[in-house]
Amino acid sequence: MATRTYDPNTVIIFDTTLRDGEQSPGATLSSAEKLEIARQLSALGVDVIEAGFPAASPDDLRAVQRIAREVGTPDGPSVAGLARALESDIRTAWEGVKDAAKPRIHTFLGTSPSHLGMLRIDKAEGLQRIRDAVTLAKGLCDDVEFSPMDAGRTDTEYLIQACAVAVECGATTLNIPDTVGYVMPSEWADTLEMLINETPGAGPGSGVIWSVHCHNDLGLATANTLAGLKRGVRQVEVTINGIGERAGNTSLEEVVMAIHTRKSFYDLRTNIDSTQIMKTSRMVRNYMGMPVQPNKAIVGANAFAHESGIHQDGVLKNAETFEIMTPETVGLTQSKLVLGKHSGRHALRVRLSELGYDVDGDELMDVFRRFKTLADMKKTVTDADLEALVADEAAQKPEDYFRLVDIQVVCGTMGMPTATVKMVNQHGEEIIVAAVGTGPVDASYRAVDEIIQAPSTLMEFNVHSVTEGIDALGEVTVRIAPEGGSRTFGGYGADSDIVVSSVKAYVAALNRMIASMGFDDVAPEGDVAMVGLSA
């Protein structure tokens with residue numbers, strides 16, 4: 001039986017952006033990107049990072065190991081690895097997290113009739129698998145979490161039995177997932193309360209942490225999670241921006257800010273530094289190439305915008321009239337960088353540091369050059385502009401297979417839109433191709449396709465301006481799929497020229513696809529670089 005003690009008024013934030021969130025279509029990340037997001041999650045103050053599913057692939061295992069070593073420090077978060085209730089999965093998960101100061105193995109087994117049927121086992125066999133899995137995990141790692149997958153469609157009596165076996169074998173956290181987003185808040189609250197009160201060895205005072213993991217298929221993930229908190233749950237499994245399979249997971253920012261804003265209602269707290277929320281949201285959005293809907297709670301572009309005359313009048317007189325939290329609480333700032341083309345690197349570095357970006361060396365020089373160019377074009381460079389510049393530099397990584405050097409476009413009503421694109425491959429060789437298309441972006445993409453001969457289909461193209469005005473930076477996110485494949489890959493780009501940002505995003509997505517799909521080494525062939533599948 002677990003004997004762990006904890007503050008009953010503190011909610012443990014278990015972030016699964018790097019595991020469940022990465023299972024979103026198009027949300028594939030490289031090991032380096034996962035590490036950067038993990039570092040930011042640590043700065044945000046999450047208590048547990050579910051770093052991945054180590055048994056899924058060798059690359060996933062390496063990413064989890066690196067996060068465990070570099071982010072799972074004694075004063076950092078716990079690092080968890082997910083494992084099916086299989087010996088091979090559990091041992092691989094342990095290999096992934098064992099170097100963390102606070103490692104955790106999270107194992108699961110489907111318990112609903114449909115999931116037991118999928119596994120071709122009955123309830124008794126299910127309980128035995130839980131016993132074997134948790135016992136093995138406990139022998140490797142002191143901190144063990146167990147989840148009865150699809151608990152929302154599992155009868156309560158069997159859930160109690162499954163949880164009791166897990167606790168008996170050493171599980172310290174019991175996570176109850178609404179895997180398919182099926183339950184309603186009131187029934188979910190009643191189920192959780194019954195489990196907490198009736199599971200042997202896991203009641204109040206036992207030291208066992210009860211957790212929820214909710215999906216958003218009916219738009220109720222946050223509501224169901226908060227309902228659990230009112231009935232005794234003290235760990236919530238969440239993702240940044242609510243990303244995840246299908247309709248996504250419970251949104252970290254929504255749960256955290258609900259607790260923060262309604263302190264008197266919940267009488268709970270978290271260890272989250274809410275001023276890091278927007279920075280984390282933008283990083284996840286850009287690295288995963290998944291735009292956030294404008295009306296998304298907390299982190300959407302319109303979350304703190306007011307257009308109605310009545311609303312504007314009220315906010316100008318007293319912000320609390322129509323705002324229940326300040327933009328600054330979640331890391332937004334209304335200040336503007338009063339720097340121009342005569343400003344130096346030091347002033348830029350100081351302001352970036354104030355915004356939470358530690359940029360130095362060559363990276364600072366690259367951002368500074370882009371800042372100078374932008375300052376020549378705009379009267380005022382805002383903090384949002386700076387954040388977009390930093391994000392764009394991070395998206396165009398030096399280890400990529402291809403890098404955009406120059407692009408020139410001719411378009412209009414008098415002739416065919418033509419784009420000339422110069423790129424550099426991983427061997428440092430320049431390739432120049434010109435192409436004609438139906439518009440400037442289409443022509444540019446055709447030229448890129450001639451250079452990077454990795455057949456793909458453009459599935460999604462999104463563009464929006466960072467700030468207001470005709471001189472605003474334009475951000476583009478794209479999603480592509482390899483020809484004949486269903487897996488998708490995202491890319492992000494930002495530039496004052498929307499065609500340039502479009503090409504940057506497309507190249508970023510292609511680089512990600514090449515890296516993830518097992519392509520052969522990229523080498524030039526004639527005037528273009530050929531890419532072929534290794535299998």
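Side-chain contact between Val284 and Ile37: present, with at least one pair of heavy atoms (C-beta onward) separated by less than 4.5 Å. Between Pro177 and Asp150 there is no side-chain heavy-atom pair separated by less than 4.5 Å. No side-chain heavy atom of Trp210 sits under 4.5 Å from any side-chain heavy atom of Pro204. Contact check for Val299 versus Asn241: side-chain heavy atoms found under the 4.5 Å cut-off. Annotation: side chain of Val463 is in contact with side chain of Ile498 (closest heavy-atom distance under 4.5 Å). Looking only at side-chain heavy atoms (C-beta outward), Val48 and Ile13 stay at 4.5 Å or farther from each other. Looking at Met288 and Leu29, their side chains come closer than 4.5 Å, going by heavy atoms from C-beta outward.
Between Phe108 and Phe53, the ring-plane angle classifies as perpendicular under the 30° and 60° cut-offs.
Taking a cutoff of 4.0 Å between a charged side-chain nitrogen and a carboxylate oxygen, Lys504 and Glu475 do not qualify as a salt bridge. Using a cut-off of 4.0 Å between Lys/Arg side-chain N and Asp/Glu carboxylate O, Lys296 and Glu253 are scored as salt-bridged. A salt bridge links Arg231 to Asp190: one of the charged nitrogens lies within less than 4.0 Å of a carboxylate oxygen. Note on Lys34 versus Asp60: salt bridge recorded, some NZ/NE/NH1/NH2 to OD/OE distance being below 4.0 Å.
Side-chain N/O atoms of Gln23 and Arg19 include a donor and acceptor closer than 3.5 Å. Residues Asp495 and Ser501 bring no donor and acceptor atom of their side chains to less than 3.5 Å of each other. Side chains of Arg104 and Ser78: a donor-acceptor N/O pair is absent below 3.5 angstrom, by distance only. With hydrogens and angles left out, the side-chain atoms of Thr173 and Glu145 include no donor and acceptor closer than 3.5 Å. With 3.5 Å as the limit, one finds no donor-acceptor pair spanning the side chains of Asp15 and Thr239. Looking at Glu237 and Thr16, their side chains never bring a donor and an acceptor atom within 3.5 Å of each other.
Of all non-hydrogen atoms in Val79 and Gly72, the two that sit nearest each other are CG2-CA, 3.7 Å.
Screening residues 215-238 for ring pair (Phe, Tyr, Trp, His ring centres under 6.0 Å), with sequence neighbours left out, gives His213-His215.
Counting only distance, with no hydrogens or angles, the side chain of Tyr492 and the backbone of Ala509 share no donor-acceptor pair below 3.5 Å. The backbone N or O of Gly490 sits less than 3.5 Å from a side-chain atom of Arg512, completing a donor-acceptor pair.
Remark: Ser57 engages no residue in a side chain to side chain donor-acceptor pair (under 3.5 Å) (not counting sequence neighbours). Judged as a side chain to side chain donor-acceptor pair (under 3.5 Å), and not counting sequence neighbours, the contacts of Thr111 are Thr154.
With respect to Leu252, the side-chain contact (heavy atoms from CB on, under 4.5 Å) criterion is satisfied by exactly one of Leu44, Thr17, Thr270, Thr222: Leu44.
Considering CZ of Arg39 and CG of Asp358, their distance stands at 11.0 Å, rounded to 0.5 Å.
Atom CE of Met459 is surrounded by 12 or fewer heavy atoms from other residues, nucleotides or ligands within 6.0 Å.
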